[in-house]
Amino acid sequence: MEIRIKDLTKIFPGDPKKNIRDTIAVKDMNFIVPDGKLVGLLGPSGCGKSTTLYMISGLQVPSSGEVWFGDQEVTNLAPEKRGIGLVFQNYALYPHMSIYKNIEFPLTNLKVEVPLVTFFRFTLNYEYDLAADDVPALIVRSVESLCKKIGLTKKQYAVSQTVEGNKLKLTVVLDNVAPSVRDVFKENFPRIIPANLASENEEQTSEALFDSTVRATVNKVDEHQVLRVAFKGKLGLKFETSHIDEVINAFTNAAKPFGKVETAAIARTSQGYELMATVGGIKHVDLDASLEAAKACYAFAGGMEYVILAVTNKELEKAVKDHLKASKVSFSDFKLYFDRKNVKVYFKLKRANQDMAKRLIEELSQKLSLTDLETDVVQAIAHRKLTKEERRDIVYDTAKLVQVDEFLERKPNQLSGGQQQRVAIARALVKKPRVLLLDEPLSNLDARLRLQTREEIRRIQQETGITTVFVTHDQEEAMSISDEIVVMKLGVMQQMDAPQEVYNNPANLFVAQFLGTPPINVFNGRVDGKNVYIGEDIVYQTEEDLGQKDIFVAVRPEGFVIAKDDDKNVLHAELEQVQILGRDVSLVAKNEACTKPTFKVIVAAEEAEDAKPHLALKIKPNKIFLFDGETQERIRVK
């Protein structure tokens with residue numbers, strides 16, 4: 001199941017009475033988690049990674065943006081309807097229940113889908129020659145057990161038997177079931193008793209039903225159509241933070257005549273500061289006027305833009321619902337939304353035959369002047385609970401997958417931390433979710449258990465093929481088990497790519513500094529034409545002229561070699577300390593241009609023998625990174 005995140009933003013309201021501003025937790029997130037892959041959300045505490053995960057799960061409602069699971073938008077769908085498995089940092093196991101009961105618990109109220117195809121009553125007559133030790137009553141009980149195991153309720157089956165001499169005659173009635181259920185029963189019946197099927201009758205009990213999803217363009221715009229709108233105003237790099245309250249108050253006063261300001265905050269981005277605000281209750285006919293008022297309230301450096309987040313029209317909604325109710329057809333998921341150019345209406349017709357659905361859709365389109373009609377008809381479904389036998393089989397299979405099957409009768413406090421975390425994962429997997437979400441699941445484990453458990457998580461994810469999102473602040477965890485990582489800072493995605501690609505080609509200075517142990521060395525530098533300077537040393541020469549400007553020069557610890565006497569373009573430094581790291585040696589050196597008091601150089605043990613108190617270091621071309629001195633964005637050079 002592919003996960004698509006579109007312009008996802010979360011703003012937590014502040015408290016004006018206590019002088020607490022609104023907080024932008026996540027800003028304009030856009031990324032795709034490919035089907036069957038594990039993607040890690042990586043960043044320091046407070047960067048918005050858990051908030052992003054909770055918006056994917058449905059525990060947090062986005063201020064704006066969309067969440068898609070495959071072709072289904074789930075932005076406003078309740079968590080229990082999304083088909084997710086969620087594992088928290090805390091194991092959250094029930095201490096009074098056995099491991100079996102803990103894993104089984106999510107299944108007790110889980111309902112499986114039953115397609116509402118054409119149903120029949122099937123009567124199957126079997127004949128069997130009894131052996132001397134056969135007990136007819138036990139054979140009947142075994143047949144009833146088979147009925148339960150394939151998911152039939154007591155109302156859906158009946159088994160009777162008569163004995164004539166040594167011949168057993170069994171009559172099995174499968175009531176109100178689909179032909180596919182009958183086929184499963186007949187396929188498995190010989191495993192109980194090798195009887196002959198003497199005759200079979202069928203009688204139709206119900207007609208197939210369908211669910212129809214309807215989308216159409218609403219052409220009429222009137223005062224009943226009300227919008228929720230996200231405004232964005234560019235303030236530029238030179239904006240002074242002392243004016244934050246002034247800008248927010250100016251926007252709030254400008255928007256008040258048109259609607260209610262829900263949130264308003266100012267975010268720092270690589271392109272400069274930006275006002276982000278959400279206003280609800282704006283009449284569609286007043287949208288242009290509200291935009292002009294917002295533009296005029298302050299001298300925005302990059303103008304003002306808006307996105308329509310939600311549309312409501314109670315009159316239109318009432319008209320649709322009244323018509324459907326009068327036709328005695330149930331419906332659900334009614335909503336209006338804005339699709340770039342037009343307002344669209346969406347709803348589902350529930351359990352109607354195809355002819356009735358077609359007639360109702362035509363009537364509504366004429367009555368409400370709807371155009372661009374799109375319909376999708378699928379088989380309607382009902383739901384039933386899992387049987388005890390089905391639950392048992394699923395629990396054993398899942399426990400075996402996470403390797404806790406030998407502990408099923410124990411209580412949680414009789415297991416180690418790693419075993420308890422595997423039980424928590426089993427409880428998330430037992431519902432066969434479409435998406436697995438892990439919120440720092442290893443934080444409570446010691447170093448050795450963390451290593452073992454993260455390997456287990458990777459193995460389980462690859463075996464199940466479930467699309468997984470993994471939140472962590474530990475770069476080693478993210479890089480070791482993720483197919484791709486999303487690096488975040490202050491609610492903004494900095495880079496997304498394969499772990500090694502992010503390490504080798506960081507998009508900005510923050511990413512370069514966040515990944516790597518020991519951390520990357522950063523120096524204040526400058527470029528002058530094709531020459532890259534650290535202090536007075538020319539350390540690198542580019543193929544293209546970069547002009548003149550201040551930059552940051554970053555070099556991985558393993559990116560240095562001790563220079564030879566005739567080498568050019570070297571960095572001079574003072575050797576402070578030599579640290580032995582087994583086969584490698586870490587040289588701790590000092591240079592005034594370094595942003596920290598010292599920097600580290602990792603070299604082979606034999607190379608360290610050439611180290612002198614006054615170091616001359618050559619930089620490997622693929623280990624040097626240049627970043628803009630103002631925006632800290634990567635400067636790509638050859």
Salt bridge Glu317-Lys321, side-chain N to carboxylate O under 4.0 Å: yes

With a 6.0 Å cut-off (strictly less than), is the heavy-atom count around CD of Glu501, excluding the residue itself, greater than 12? yes

Verdict with reasoning, Asp439 to Ser50, per side chain to side chain donor-acceptor pair (under 3.5 Å): CA-CA 7 Å; Asp439 186 18; Ser50 289; 2.9 Å; yes

Does atom OH of Tyr306 have more than 12 heavy-atom neighbours from other groups under 6.0 Å away? no

Are side-chain N/O atoms of Ser63 and Thr9 paired as donor and acceptor at under 3.5 Å? no

Lys335 NZ: over 12 foreign heavy atoms closer than 6.0 Å: yes

What closest approach, in Å, do Gln494 and Val511 show between heavy atoms, and which atom pair accounts for it? CB-CG2, 3.6 Å

Closest non-hydrogen atoms of Val311 and Phe338, given as atom of the first, atom of the second and distance, are CG2-N, 4.0 Å

Are Pro519 and Gln513 packed together at the side-chain level, in the sense that at least one heavy-atom pair is separated by less than 4.5 angstrom? no

Relative to the ring of Phe239, is the ring of His243 parallel (under 30°), tilted (30 to 60°) or perpendicular (over 60°)? perpendicular

Among pairs that include at least one residue of residues 67-89, which meet ring pair (Phe, Tyr, Trp, His ring centres under 6.0 Å), considering only residues two or more places apart or in two chains? none

If the threshold is 4.0 Å, N to carboxylate O, is there a salt bridge linking Asp245 and Arg21? yes

Counting heavy atoms not belonging to Lys232, are there more than 12 under 6.0 Å from its NZ? yes

If the test is side-chain contact (heavy atoms from CB on, under 4.5 Å), which one of Leu373, Asp372, Val343 qualifies with Thr217? Asp372

Matching residue for Val214 among Ile361, Val320, Leu360, Val345 - test: side-chain contact (heavy atoms from CB on, under 4.5 Å): Ile361

With a 4.0 Å cut-off on N to O distance, would you call Asp474 and Arg450 a salt bridge? yes

Set out, in order, the CA-CA distance, both residues' side-chain angles and the distance that settles side chain to side chain donor-acceptor pair (under 3.5 Å) for Glu477 and Thr472, then state yes or no. CA-CA 7 Å; Glu477 279 179 14; Thr472 181; 2.8 Å; yes

I'd like to check Val487 versus Lys49 (side-chain heavy atoms, cut-off strictly below 4.5 Å). Are they in contact? no

Report yes or no: do Glu315 and His224 form a side-chain donor-acceptor pair below 3.5 Å? no

Ionic contact status for Asp211 with Lys350, cut-off 4.0 Å: yes

Lys NZ or Arg CZ of Arg458 over Phe470 ring: under 6.0 Å, within 45°: no

Tyr273/Lys238 under side-chain contact (heavy atoms from CB on, under 4.5 Å): CA gap, chis, key distance, verdict: CA-CA 8 Å; Tyr273 289 88; Lys238 297 181 180 180; over 6 Å; no

Quick one: are Val435 and Arg82 in side-chain contact, heavy atoms under 4.5 Å? no

Which residue pairs pass the ring pair (Phe, Tyr, Trp, His ring centres under 6.0 Å) test when at least one of the two sits in residues 12-41, sequence neighbours left out? none

Might you work through the side chain to side chain donor-acceptor pair (under 3.5 Å) test for Arg434 and Gln72, ending with a clear yes or no? CA-CA 12 Å; Arg434 299 187 294 173; Gln72 180 188 15; 3.3 Å; yes

Between Leu370 and Val218, the two heavy atoms sitting closest are CD2-CG2, 4.0 Å

Residues, nucleotides or ligands: over 12 heavy atoms within 6.0 Å of Glu476 CD: no

Evaluate the criterion side-chain contact (heavy atoms from CB on, under 4.5 Å) for residue pair Gln461 and Leu436; output intermediate values, then yes/no. CA-CA 9 Å; Gln461 190 274 330; Leu436 180 62; 5.8 Å; no

With a 4.5 Å heavy-atom cut-off, do Phe231 and Leu275 have their side chains touching? no

More than 12 heavy atoms from other groups under 6.0 Å of CG on Asp322: yes

Side chains of Thr52 and Met493, heavy atoms from C-beta outward: is any pair under 4.5 Å? no

Between Ser369 and Asn219, a side-chain donor and acceptor under 3.5 Å: no

